[in-house]
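Here the structure is laid out as C-alpha cells; the discussion comes afterwards.
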Amino acid sequence: MSESSKENSLEKLRALGARLIESICDGKFPSIQIPDRSTANIHFDSELNHFTLGDGFVIRDSSNIKHIRSFAQLVWVASFAKNLLQSGRTSSLRDLYYSAEAFDIDFKNQAESDRIVTDLECAIGLAREEFAIYSEEHSSIFGEVTMEYTAPGYEGRQLDLTVSPDGLPIGPAIMTAEPLHTDANRILAVESGGIFSRLIESHAWRRFGSILVHLGGQPPRSTRKLLRKLTESLDIPLYIFTDGDPWGMHIAQVIISGSANAAHIPHLTVPSAEWIGITPQDIVDYKLPSETLKGVDLKRLDELSNDVRYTSTFWQDHIREFKEVRKKAEQQAFSRYGIDFVVDTYLPDKLSLC
Amino acid sequence: MNSPTDETFSSISPAEFFYRNRQMAGFGNPTQAVYSTIRELVENSIDACEQKQIMPKIRVSIHTIDSDELSISVDDNGVGVPTEEIPAAFGRVLYGSKYDARQRRGTFGLGVTMAILYGQITTDTPVLIHSQTENSPGILLSLSIDVENNEPIVLSQESLMRKSTGTCVKLHIRGDLKRSIDRVVEYLSLTTVGTPHACIVLDVDMQESLTWGPYSDECPSPTITCKPHPRSADFEILRRLMDKNPDFTLHQFLVENFQQVGTRTATKFLSFMAFDPSERVSKLSRRAVTKLSRSLQKYDAFSRPDSRCLSVIGKRPMQSAIKSLYDPLLVAYDSRDPSEWNGHPFILEGAIALGSSFPVTSLPTLYRFANRVPLLYDASEDLLTKVLRKTRWTRYGLKSPKSVAIFINLCSTRVPYKAAGKQSIASIPQIEEEIKHLMNSLGRKLNKSLKKTDKIYRDKRRIRMFTKYFEKITSFSADLADYPSVPSVSSMIDELFEVDTDV
C-alpha cells in the first residue's frame, strides 16, 4: 500500500476515534452515522452502469443498549485496522474474527464480524483493503506486466508477472502494487483454473498478447479492484471467459457492473469489460457436450432477466437463448475436441471478433 | 334376642378405651410414639404461655435409657398448673380446661394423658411433674394412672421450687429414637414457624443442642373466649347449657348463651321457627330440643361467628420465621377474611417461599398447620394436599419444577381433624373453597415476585453488559485517536440507567 493511501486511511480512522473520545470526554454518548445498505437505499446508476448508495443512513447510538454491542465491535475493528496499518501488517477476515477474542470482543460467527467490517467501510468511506483487511480466497494472475510493490519490505521492487508458470496469487502485495508497463494488449479473465493453466502451458498468452487472470468462481473484491486498476492504468481492454450457464454469465456481469453488496465501494467495476462466452449460441455452434438446465438454473435466469444490470438487449438476448436451448456447458467441454481446441480454435475465434 | 356376646357388654373407662385404640391418638408404634409424646407436651407448654403472653422458652430433652426405652422431658416457662389440679389434669382422660369456644392447640384433654398412659404401660414407670404457678409454690409429683377407673394415683409429692413459673414433665416411654429423630426435628423447627415468638431447644443424649427461634418479638394478644355460635349448637351442647340454666325462658336462654343473638334476633328466630319464646327450657321435651338444634343450624340470618377468638400467626412473624429457617430468595404472605363452617369461625393464612432449602418439585412442597401446630403425618389424606394438587401451578410461574414451598395455617375454634391423632384435615366445602382462594392468591404473588426477581436479574446483567461494552468503546476510541489516557465513564453510565429507571 502506498504511503499516501496508508496515511489517508490512518487519518480517517484517527478522525473517527477522536470524534468518539471527545464526545465521551464531554460526557455525551457518541453515535456513528453509517450509510444505509438496505435494498431500499441501493440504486442502480444506469449511466455509470453500477450500483450506488442513496442518501439514507442509520445511526448507531452508544447510549442505546441494543446498539452497544455492535458499536463496540465496530470501534474495535477500527482500532484493530489502525494497528495493522501502523505495523505494516495485513489480516484476513477470518483472522480478524479470531483476533477479536483476545480483546474480549465476541462475534457470534464470522458472518457477524464480516458485517461489522462492512459497517466500518461504510462509516469511513474506505474499502477494507485500504485498511489492510483482505478476504481469504485468492485469485491468480499471470502475464507480461511489470508491477512495483508498495508492501512493507518490498517497496520499490519490481516484478514481472510471468515469473511463475503457476501464476501469482492476488494477495495484498499485488493488490497494492502499481502497474508500470505491459507488452500485452488485453486482459483475459477466465473462470476455471484448468483453462488458466492451459493458457500458460500452451503459451497462448503470448499468442493472444494477454494478461491472464484466474477468477475461481465469483472473484473476491481485491481481484475486481486489481482488474479495474490494470484496465485503467494500462489502458487495455478486459475480456471475460466463463462457463456457459447463468452463474458464469453473472460472474462477468459483477465485474462489469458491480454488486449490490459492494454498492458502498466505488471504483470496483470495469464497465468496458466484455463477456465472450461460453454463450448459449456457442453451445449450439460448437456442439459442446452439455447438461440440461435445472430448475435452479431456470429460476436464476428469470431473476437475471428482471435485474437492472441485464436490461440491455445484449444480455436479454443471451438470457432468452439460454431459455431456448435449455443447455449449459463448462469451459472444459471444449476438451471433447482435444485439449488444445479451446486455445487453438475457440479463443482465436472469439477474440478476433472483438 | 339373646346373642352370646350380650354378656361381654360392659362399660370401659375412657382411659382404657383410648389405650386400646392408641393408634387413633398417634401412639400406634414406637416411632410415632416419640413424636406424639413430644408434640403433646410441647403444645401444652406453648398453650401454658399464651394466655399470660409469656414468650415461650421450651427445652426438650431426650435420653436413651435402653435400646428401646427413652426418657423424655419437656420444660416450659408457662403459667404452671395449680397444685390441686395436677393429678386430674395429667392423670385423667378427657379432663381439661379447653372445652370452650376459642382457638387452642389441644382440644380433647387427651394428648398428654395418652403419652403418660403409653409410657406407663410400655415401661412401667410413673411420670414426674414439676410445676409452679404464681400462687402455688413449686411441687414435684410422681404420678400414675389407674387405667380401669380413669383415676390418677399420686405416688409421691414433695415441695421443690423452680426458678420461675412453669411446668416440666418427664416420662419414660418405649420409643425408637433413630427412626423418629428426623420427624422430631422437623416438628420442632416447624413449630417455630407456627409460633415464631417461641424459643425451642432440643437436647439429645447430652450432645450438642439445637435451638430454634424466637424469630419474632411480637407476642400474640390472648384470644377471647366466645360463647358458641347458634349454628354450632348440636343437641349435646344445648342439653348441657340447658342443664346449667333450667329456669331461663327459651328467649332468654338464646340471648344469654349464644353469640350473635340479641333480643331482636332471638324473637325473630323463634317466631320464624314457631317456638314459644316464654317456655322454660327445663320444660322442653327431647324432641323439642332436637328440633331447636336443627332449626338453629339451618337458620341463616345469624351474623357470622366472632373471629376474635382466633389467633393467626400473622404476616411479619410468619415471614420472619420462614426467612430465618430457610433463607429463601423470596417469601410472600396472604390471609383470607374470617369465614365459618357449621357455626365455627375459621381463618386461613399462608406463605409461599422460593429458595434452595426446599426440594425441587413440580408442585410446591406443602407444610400444613392447624391452629399453628404443624401436621406431619397423613399428608396424602389431607384437604390441603387435595387442593394443592388441584391448583394449576403452571399458571403461577411453575412451568418447570422449582424449589418452592407453601405454608398454610388453618385457625379455627374447631379444626375438623379426620382422627384423634390430629394429623389431617377433613374435607369441609367451606374450608376447601377458602384454601383454593388462598393458594391462588399465593400463586399470583409468587408469579409476580418471580417476574420481578427475573427482571432485576435481567436489568443487572444488562447494565453489566452495557458497562463492559461502553468501557471498550472508550478504550478503543482512545487508542484510535492516540489519546494519552482513557477517561472514566462510570458516572455517565450511572446517570444513563438512573434516568432509565425513573421513566
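Residue numbering restarts at 1 for every chain, and letters A, B, ... go by the order of the sequence lines.
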For [X], does the [atom1] atom have more than 12 heavy-atom neighbours from other residues, nucleotides or ligands under 6.0 Å away?
{"X": "H43(A)", "atom1": "NE2", "answer": "yes"}
{"X": "K436(B)", "atom1": "NZ", "answer": "no"}
{"X": "D55(A)", "atom1": "CG", "answer": "no"}

To the nearest 0.5 Å, tell me how far [X] [atom1] sits from [Y] [atom2].
{"X": "I493(B)", "Y": "F29(A)", "atom1": "CD1", "atom2": "CZ", "result": "6.0 Å"}
{"X": "L20(A)", "Y": "T474(B)", "atom1": "CG", "atom2": "OG1", "result": "9.0 Å"}
{"X": "R69(A)", "Y": "I473(B)", "atom1": "CZ", "atom2": "CD1", "result": "12.0 Å"}
{"X": "I21(A)", "Y": "S485(B)", "atom1": "CD1", "atom2": "OG", "result": "8.0 Å"}
{"X": "E495(B)", "Y": "S63(A)", "atom1": "CD", "atom2": "OG", "result": "12.0 Å"}
{"X": "R14(A)", "Y": "D482(B)", "atom1": "CZ", "atom2": "CG", "result": "5.0 Å"}

Considering only heavy atoms, which portion of F466(B) lies under 4.5 Å from any heavy atom of chain A: side chain, backbone, both, or neither?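 For F466(B), heavy atoms of backbone and side chain both lie under 4.5 Å from chain A.
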
Over 60° means perpendicular and under 30° means parallel, so classify the ring planes of F103(A) and F476(B), tilted if in between.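 F476(B) vs F103(A) ring planes: perpendicular.
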
Identify the two heavy atoms, one from Y469(B) and one from I68(A), that lie closest to each other, and give their separation to 0.1 Å. CB-CG1, 3.5 Å

Select, from P487(B), S475(B), S488(B), the one with the greatest count of heavy-atom pairs under 4.5 Å involving chain A.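 Of the candidates given, the most pairs with chain A belong to P487(B).
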
From the list M465(B), K472(B), K468(B), the residue making the most non-hydrogen contacts under 4.5 Å with chain A is K472(B)

Max heavy-atom pair count under 4.5 Å with chain B, selected residue of I24(A), L16(A), L13(A): I24(A)

So which part of D104(A) gets closer than 4.5 Å to some heavy atom of chain B, the side chain, the backbone, both or neither? both

